[in-house]
Amino acid sequence: MMLADLLHNCAACLSEGVLALTIIAVLIADMLLPFNTSRGVCTVLGVFGACAALLALAYAPPVTDPAAPEMFFSGVFISDRLSLIFKIIFYLGAIFTLLFSERSSELSRYRFGEYSALVLGAVLSASFLASANNFVLFLLAFETLSLCCYVLAAYDKHARLPGEAALKYLLYGAVASSIMLFGLSYIYGLTQTLSIDRSMVSLAEQAVLGTGTLVVYLSMLLVLTGIGFKIAMFPFHFWCPDVYQGAPTPVAAFLSVVSKAAGFAALLRLAAPVISAPQLAAYTSPVDRLQAMHLLFGLAACITMTYGNLAALRQTNAKRLLAYSSIAHAGYLLLGLAVFRSDAVEAMLAYLIIYTLMNLGAFWVVILLVRETGSSEIDSFAGAAFKSPLLFAVLFLCLISLTGLPPTAGFAAKFLLFKSVIAAGIDAMGGGARISLNAAYYFALALAGVLNSAVSLFYYMKFARKMVFEKQPNLQFACTRLEAMYALALGLPLLLLLDFDPLLDLVSGVLNPVLPTMLTLLK
Amino acid sequence: MKDFLQLMGSTTATPVGLEAYLIVAAALFVLGLTACIARRNAIGILIGIELMLNAAVLNFMAFWRFQGSPLDGPAALAGPVMGIFIIVLAACEAAVALAVLLNLYFNFGTVEVDMVHEMKE
């Protein structure tokens, strides 16, 4: 009985177990093999492990009722659609980061085993974070992820810029997470439990009922500091450009995808119980409850995306440009939390999947450009479009997808997100013809998102224009067939997912039928 | 054991209340944050971070000691568990931070954060 129970619980975190074993295997392989062979072997082992973890997700007990997600290990570990989708994002991020790193010139001097172990360790903790339903696991996963990322940023240890990047990342990050921890201690005091779902619902009840309001909001703000740092939200974004520029480019790609998605996983883990709590709806109308939350996230979203886009306009370094672009995308994603409804969360998840693909694609071409030209300044990429039209096509596709223009998945993702904001505005009107203040707020948010997308077109196209219309002699830019395959693997889905019905299905419908099929095939 | 607990003030009529612990923790937190903002030496900033972490530990322990953790079960050791894990994390963080700083010292010859700024807008 006990054993069966334990096995049932362990099955829920099978993919994490696979990752943990992979980390050990990679470290042992690196120890036994000489420098040159260990590089390839560690990459293959790491990628294989991440793929196996992706498949192992199919063995997780299927989610039957999204309203009552399954709990494991006495309610510490939670398995639901939210965690499943985030884990898919993390594992994809790990696979591509490892493949990119092996091809990058910036990491070629160092042994690869520890690097792979750190990447996989970060992904392992991110995946625990996505499943955490207890503040102890939440904290451990959050901090382990941060520690792995600090070391990764400093991995090129003989160069000066990575050292500076790691210093800034580490000091700001450690301060932000201590502030978050202090906020968590107040939340524990206010709600008397470490279980996230009970704690957050109780906290929201206190906010709605107005008991102990100041401390309630203070503790929420303190926690938001730590998470806001991870996702590069406006007042806590300043580390982002420096770290992306200084860190090795594959690490920057990893941070912009996995670390940011992990921040959103943490945020949604805390927000999801409140969004789906039936008892909270009873207090006031659905639109009016937790008005401070709507206002806070709406403002943060607007400022973050506007700041990111405006600052990106005058960047001359490709890595800095992508850093500001990733700040802007955190802003778009926060729009979903400003709405604070389950349909907006679905839109956020869809956006995150697409963002992962298009951002990794853009970073991949930049990694190759940095390898071939030895610089990350956009000026040094002039004329690269004609040297390798295929890579340029993929970069161009990723850039217009990041902008959110129609023939790409980026458009579908932005459309879904803005649609959920406008839908909230229409609901706020309550069927009447008069536009209430609440409705106007949502319409303004959607408008801000659309205007910001228009602004972002300028800098993305400036980047692409430089590569096409300017020439420079002696430019070397070529890639192997394998490297072109990576680019296509990231670029093609952006075209295939352009219709948003499949995109929605991917998030809400397809996962449910596909996973059991995979499960039966595997068995 | 009972005498020991009484000596430690474990009865309901404790001479020192929850507020006292919270005030000390808040003061510790503010001191740590001030150190992080005011200090220019990276080691000084790390010490500030440790102070803030300890403030959080003190809060967790005080809340657990005075309120318990009834929703997690009558015997839940929420406060001590959280406290121990925070201490573990603080140690890990210090190890990683010192490694990064040591490497920074090799490259820049200083750990003053103002002297390390090669990346410009």
Side-chain angles (χ1 to χ4, degrees), chain A residues 74-75 134-137 139-140 142-144 146-148 150-151 153-154 157-175 177-186 188-195 198-199 202 222 241-243 245-246 311 314-317 320, chain B residues 18 22 25-26 28-29 32-33 36-37 42 45-46 48-64 66-73 76 78-79 81-82 85-86 88-90 92-97 99-101 103-108 111 113 116-119 121:
Chain A
S74 12
N134 187 295
F135 281 121
V136 177
L137 183 61
L139 172 74
L140 273 177
F142 196 90
E143 289 290 310
T144 317
S146 305
L147 290 177
C148 289
Y150 302 151
V151 181
K157 63 183 174 192
H158 297 301
R160 284 164 74 91
L161 286 192
E164 182 185 345
L167 175 78
K168 288 178 175 168
Y169 193 24
L170 189 140
L171 289 184
Y172 291 141
V175 171
S177 58
S178 339
I179 293 176
M180 179 182 84
L181 211 52
F182 193 66
L184 286 184
S185 73
Y186 278 139
Y188 170 64
L190 286 165
T191 62
Q192 304 182 4
T193 173
L194 286 178
S195 161
R198 276 183 297 212
S199 173
S202 154
L222 290 175
D242 282 347
V243 171
Q245 187 189 350
R314 57 194 175 82
Q315 297 307 321
T316 55
N317 184 300
R320 276 190 102 82
Chain B
L18 175 61
L22 294 188
L28 211 57
F29 179 76
L33 196 58
C36 289
I37 295 166
I45 297 176
L46 280 184
I49 291 167
E50 296 293 320
L51 284 184
M52 288 199 281
L53 289 174
N54 284 332
V57 176
L58 198 55
N59 259 356
F60 272 112
M61 286 307 292
F63 280 127
W64 176 75
F66 286 92
Q67 301 183 344
S69 208
L71 292 176
D72 293 332
V81 168
M82 203 68 177
F85 275 113
I86 294 174
V88 169
L89 286 173
C92 297
E93 205 158 67
V96 170
V100 167
L101 289 184
N103 189 42
L104 189 85
Y105 188 78
F106 285 139
N107 282 324
F108 285 84
V111 288
V113 286
V116 182
H117 51 89
E118 295 201 338
M119 280 180 276
E121 281 293 315

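The sequence lines fix the lettering, A, B, ..., with proteins before strands; numbering per chain opens at 1.
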Trainee: Between B:Val81 and chain A, which part of the residue has a heavy atom less than 4.5 Å away: side chain, backbone, both or neither?
Mentor: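 The answer is the side chain of B:Val81.
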Trainee: Go through the structure and list residues passing ring pair (Phe, Tyr, Trp, His ring centres under 6.0 Å) with B:Phe85, not counting sequence neighbours.
Mentor: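 For B:Phe85, no residue satisfies ring pair (Phe, Tyr, Trp, His ring centres under 6.0 Å) once neighbours in sequence are set aside.
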Trainee: Tell me, for B:Cys92 versus chain A, whether the close heavy atoms (under 4.5 Å) come from the side chain, the backbone, both or neither.
Mentor: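 It is both, since atoms from each part get that close.
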Trainee: Contact between A:Leu171 and A:Leu167 at the side-chain level, heavy atoms closer than 4.5 Å - yes or no?
Mentor: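 A:Leu171 vs A:Leu167: side chains touch.
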Trainee: Measuring heavy-atom distances to chain B, does A:Ala165 have an atom under 4.5 Å in its side chain, in its backbone, in both, or in neither?
Mentor: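 Contact with chain B is through both the backbone and side chain of A:Ala165.
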Trainee: Given that the side chain runs from C-beta out, which part of B:Ile49 has a heavy atom under 4.5 Å from chain A: side chain, backbone, both or neither?
Mentor: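 Both backbone and side chain of B:Ile49 come within 4.5 Å of chain A.
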Trainee: With a 4.5 angstrom heavy-atom cut-off, is it the side chain or the backbone of B:Leu58 that approaches chain A, or both, or neither?
Mentor: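 It is neither, since no heavy atom gets under 4.5 Å.
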Trainee: With sequence neighbours left out, what residues match A:Ala154 under side chain to side chain contact (heavy atoms under 4.5 Å, CB included)?
Mentor: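 Once residues adjacent in sequence are excluded, the partners of A:Ala154 under the side chain to side chain contact (heavy atoms under 4.5 Å, CB included) criterion are A:Ala166, B:Val100.
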Trainee: Does the B:Asn107 side chain pair with the main chain of A:Lys157, one donor and one acceptor, at a distance under 3.5 Å?
Mentor: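 Yes; judged by distance alone, with no hydrogens or angles, the pair exists.
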Trainee: Considering only heavy atoms, which portion of A:Ser177 lies under 4.5 Å from any heavy atom of chain B: side chain, backbone, both, or neither?
Mentor: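 For A:Ser177, the side chain is the part near chain B, not the backbone.
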Trainee: Examine whether an atom of A:Leu194 lies under 4.5 Å from a heavy atom of chain B, and if so say whether it belongs to the side chain, the backbone or both; otherwise answer neither.
Mentor: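 Interface part for A:Leu194: both.
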Trainee: Is B:Ala62 close to chain A through its backbone or its side chain, or both, or neither, when contacts mean heavy atoms under 4.5 Å?
Mentor: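 For B:Ala62, no heavy atom lies under 4.5 Å from chain A.
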Trainee: Quick one: does any side-chain atom of B:Glu118 pair with a main-chain N or O of A:Glu164 as donor and acceptor, under 3.5 Å?
Mentor: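 A pair under 3.5 Å: no.
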Trainee: Return the orientation label for the B:Phe29 and A:Phe182 ring planes: parallel under 30°, perpendicular over 60°, tilted otherwise.
Mentor: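 Geometry flag for A:Phe182 against B:Phe29: parallel rings.
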Trainee: Which region of A:Arg160, side chain (C-beta onward) or backbone (N, CA, C, O), has a non-hydrogen atom less than 4.5 Å from a non-hydrogen atom of chain B, or is it both or neither?
Mentor: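 Contact with chain B is through both the backbone and side chain of A:Arg160.
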Trainee: Kindly indicate whether the side chain of A:Asp242, heavy atoms from C-beta on, has any atom under 4.5 Å from the side chain of A:Tyr169.
Mentor: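 No, side chains not in contact.
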Trainee: Which atoms of B:Leu33 are under 4.5 Å from chain A, going by heavy atoms: the side chain, the backbone, both sets, or neither?
Mentor: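 Just its side chain gets close to chain A.
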